[in-house]
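Take a look at the structure below.
Residues: numbered from 1 along the sequence shown. When a ligand or atom number is given, it counts from 1 through the structure's own listing order.
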Amino acid sequence: MSAHQKLYEGKAKILYTTDDPEILLTHFKDDATAFNAQKRGQIEKKGEINCAIATHLFKLLEDSGIPTHFIDQVAPNQMRVKSVKILALEVVVRNIAAGSLCQQTGLPVGKVLPTPLVEFYFKNDSLGDPLLTRDRLFLMELATPEQLNQLIDQALQINTILTAFFNRCQITLVDFKLEFGITATGQLILADEISPDTCRLWNQAETDPDRRVMDKDRFRRDLGNVEDAYQQVLERVLATL
Ligand code: TMP
Ligand code: ASP
């Protein structure tokens with residue numbers, strides 16, 4: 001299997017074509033961005049760490065019956081994935097109030113939500129990934145009503161599986177972002193990545209609101225020790241599988 005041309009370069013990953021039109025190669029970069037790429041930097045070894053974490057979490061989800069685009073890990077920072085048409089939606093699941101939910105509602109950071117909240121954002125950098133309503137989502141034809149129900153169902157199932165797994169790692173899954181795609185045969189499957197770039201993860205052994213952060217908020221908020229935190233997540237994931 002050889003990589004051919006670059007199909008797409010995003011902020012954290014590059015997608016290459018392969019000899020097989022149904023398979024793409026994802027290369028995880030060390031580049032980090034935040035606030036719609038207004039803040040840029042590098043996190044040493046992030047590509048390898050996130051590729052390893054995403055590999056283990058995709059396998060965990062597949063083993064639990066969730067269809068994903070993951071095929072296999074072929075290098076420390078590369079995985080093969082099924083080619084899909086990505087929906088222009090960011091599906092965010094929240095268990096605890098943090099980030100934009102607190103900024104937009106005034107809810108206190110750390111408030112445990114009575115039930116998980118599933119939200120949809122329009123994946124569009126030039127518009128700043130705005131929060132969508134259900135009616136706007138349909139108006140813009142970003143998903144059909146059937147797909148929306150499937151997305152909510154999958155997102156909640158994924159949340160149940162990942163929350164239980166991270167709890168075993170002594171990590172609280174505060175919130176996370178998912179992306180989904182449609183395969184050539186029309187199946188809706190989980191795509192993109194799940195990693196400390198796309199989740200809020202709090203160390204259960206720490207109560208201090210800054211020290212407990214094990215995810216990209218360390219980079220967003222200049223909290224320091226970003227690589228150490230990502231590495232610690234990987235070590236706990238490996239020790240828990
Ligand atoms: P938010 O609180 O900033 O809306 O973020 C919610 C979750 O989504 C959090 O775990 C971080 C993740 N996320 C991404 O993966 N990519 C993004 O572009 C944004 C804004 C958030
Ligand atoms: N990934 C997004 C960006 O750069 C935002 C974020 O994760 O905070 O722009």
Please set out all donor-acceptor pairs under 3.5 angstrom arising from side-chain atoms of residues 95-103, sequence neighbours excluded.
| unit_1 | atom_1 | unit_2 | atom_2 | d |
| --- | --- | --- | --- | --- |
| N95 | OD1 | N159 | ND2 | 2.9 |
| N95 | ND2 | N159 | OD1 | 2.9 |
| N95 | ND2 | L173 | O | 3.0 |
| S100 | OG | R94 | NH2 | 3.0 |

Which atom pairs, donor and acceptor, lie under 3.5 Å between side-chain atoms of residues 147-154 and protein residues at least two apart or in another chain?
| unit_1 | atom_1 | unit_2 | atom_2 | d |
| --- | --- | --- | --- | --- |
| Q147 | OE1 | T144 | N | 3.0 |
| D153 | OD2 | Q157 | NE2 | 3.3 |

Residues 41-49, side-chain donor-acceptor partners within the protein, below 3.5 Å, at least two apart:
| unit_1 | atom_1 | unit_2 | atom_2 | d |
| --- | --- | --- | --- | --- |
| Q42 | NE2 | D31 | OD1 | 2.3 |
| K46 | NZ | D31 | O | 3.0 |
| K46 | NZ | D197 | OD2 | 2.5 |

Report all N/O contacts between ligand 2 and the protein shorter than 3.5 Å as a table of atom names and distances to 0.1 Å; if there are none, say 'none'.
| unit_1 | atom_1 | unit_2 | atom_2 | d |
| --- | --- | --- | --- | --- |
| ligand 2 | 1 (N) | K216 | NZ | 3.4 |
| ligand 2 | 4 (O) | T33 | OG1 | 2.5 |
| ligand 2 | 4 (O) | A34 | N | 3.4 |
| ligand 2 | 4 (O) | A37 | N | 3.2 |
| ligand 2 | 7 (O) | K216 | NZ | 2.9 |
| ligand 2 | 7 (O) | R220 | NH2 | 3.0 |
| ligand 2 | 8 (O) | R220 | NE | 2.7 |
| ligand 2 | 8 (O) | R220 | NH2 | 3.4 |
| ligand 2 | 9 (O) | K11 | NZ | 3.1 |
| ligand 2 | 9 (O) | N36 | N | 3.0 |
| ligand 2 | 9 (O) | A37 | N | 2.9 |

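Taking a 4.0 Å cut-off on heavy atoms, R94 registers as neighbouring ligand 1. Remark: distances from the non-hydrogen atoms of D197 to ligand 1 include one below 4.0 Å.
There is a protein heavy atom closer than 4.0 angstrom to atom 12 (C) of ligand 1. Closer than 4.0 Å to atom 20 (C) of ligand 1 lies none of the heavy atoms of the protein.
The distance from ligand 1 to the heavy atoms of F176 drops below 4.0 Å at these ligand atoms: 10 (O). Here is the list of ligand 1 atoms found below 4.0 Å of a heavy atom in G99: 2 (O). The distance from ligand 1 to the heavy atoms of R220 drops below 4.0 Å at these ligand atoms: 11 (C).
Residue Q104 does not touch ligand 1, judged by heavy-atom distances below 4.0 Å. Neither the backbone nor the side chain of K216 comes within 4.0 Å of ligand 1, counting heavy atoms alone.
Using cut-offs of 30° and 60° on the angle between ring planes, the pair F70 and F58 is parallel.
Between atom 2 (O) of ligand 1 and the options S100, C102, A97, the minimum heavy-atom separation is to S100. Distances from atom 17 (C) of ligand 1 to the heavy atoms of E90, Q103, K123 show the closest one on E90.
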